[in-house]
Amino acid sequence: MITSELVLATGTVVRGDIVDKTGAIITSGGEVYGVVCRDADATKGETKTTVYAEGEFNIEKVKFGSVTKTKVIELCAVKNIYLRTEGGKK
């Protein structure tokens with residue numbers, strides 16, 4: 001797995017959130033930045049956290065808001081983030 005730093009200016013993120021480069025939960029029109037490794041809270045000021053920028057993850061353990069599973073799999077694959085069911089290929 002490859003990690004990257006995420007600078008979070010506002011809000012909160014929790015482990016497993018699929019986020020864009022601002023830390024917002026991914027939307028159908030967004031660009032995936034990564035999967036949050038550890039919780040972060042920027043409600044009192046800017047903070048940093050780590051995201052997985054590449055890797056393979058259990059789709060049942062990540063959070064992606066209102067995007068369909070099919071769409072989030074497509075958006076993540078562009079960034080070499082692969083979402084699968086446990087023990088499966090899809």
Side-chain angles (χ1 to χ4, degrees):
M1 290 192 213
I2 307 296
T3 60
S4 184
E5 182 177 81
L6 172 69
V7 176
L8 189 63
T10 61
T12 61
V13 293
V14 296
R15 185 170 196 240
D17 286 349
I18 299 175
V19 296
D20 65 16
K21 66 182 177 181
T22 68
I25 298 288
I26 197 65
T27 64
S28 60
E31 185 176 327
V32 172
Y33 184 70
V35 179
V36 176
C37 298
R38 59 185 164 79
D39 300 358
D41 183 351
T43 55
K44 295 181 182 173
E46 187 177 277
T47 191
K48 295 177 184 175
T49 191
T50 306
V51 298
Y52 295 111
E54 292 184 19
E56 190 170 321
F57 304 90
N58 182 338
I59 195 164
E60 302 304 324
K61 301 293 182 182
V62 296
K63 299 170 210 75
F64 47 86
S66 62
V67 181
T68 65
K69 283 185 180 183
T70 301
K71 184 64 175 179
V72 79
I73 289 168
E74 177 186 309
L75 291 170
C76 287
V78 171
K79 293 294 195 171
N80 295 321
I81 296 172
Y82 301 101
L83 304 175
R84 311 212 191 296
T85 58
E86 188 171 346
K89 294 292 181 188
K90 289 189 174 191

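In this chain, residues are counted from 1 in sequence order.
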- Query: What pair of heavy atoms forms the shortest contact from L83 to C76, and how long is it?
  - Reply: CD1-SG, 3.9 Å
- Task: May I have the step-by-step check of side-chain contact (heavy atoms from CB on, under 4.5 Å) for I59 and R84, ending in yes or no?
- Result: CA-CA 5 Å; I59 195 164; R84 311 212 191 296; over 6 Å; no
Give the table of side-chain donor-acceptor pairs shorter than 3.5 Å for residues 24-33, with sequence neighbours excluded, one pair per line with atom names and distance.
residue, atom, partner, partner atom, Å
T27, OG1, G30, N, 3.4
E31, OE2, K79, NZ, 3.2
Y33, OH, S4, OG, 3.0
Y33, OH, E5, O, 2.9

- Would a 4.5 Å heavy-atom cut-off, applied to side chains only, mark D39 and T12 as touching? no
- Query: Any salt bridge between E74 and K69, counting N to O under 4.0 Å?
  - Reply: no
- Message: With rounding to the nearest 0.5 angstrom, report the CD to CD distance, E56 to E54.
- Response: 12.5 Å
- Pick out which of I18, D41, V19 makes a side chain to side chain contact (heavy atoms under 4.5 Å, CB included) with V13. V19
- May I ask you to decide if R38's main-chain N or O and T49's side chain share a donor-acceptor pair within less than 3.5 Å? yes
- Message: Any heavy-atom pair between the side chains of L75 and F64 that's under 4.5 Å?
- Response: no
- Message: Could you tell me if the side chain of T47 sits less than 4.5 Å from the side chain of L8, heavy atoms only?
- Response: yes
- Query: If Ile, Leu, Val, Met, Phe, Trp and Tyr residues are connected whenever their side-chain heavy atoms lie under 4.5 Å apart, and connections chain through other members, are M1 and V35 in the same group?
  - Reply: yes
- Query: At what distance, to the nearest 0.5 angstrom, does NZ of K71 lie from CD1 of I73?
  - Reply: 12.0 Å
- Query: Do any pairs count as a salt bridge (charged side-chain N to carboxylate O under 4.0 Å, His left out) and have a residue in residues 16-25, sequence neighbours left out, and if so which ones?
  - Reply: none
- Message: Any non-hydrogen side-chain atom of Y52 less than 4.5 Å from a side-chain atom of I81?
- Response: no
- Message: Going by side chain to side chain donor-acceptor pair (under 3.5 Å), name the residues that satisfy it together with N80, two or more places apart in sequence or in a different chain.
- Response: Y82
- Can you list the steps and then say if K48 with L6 is a side-chain contact (heavy atoms from CB on, under 4.5 Å)? CA-CA 6 Å; K48 295 177 184 175; L6 172 69; over 6 Å; no
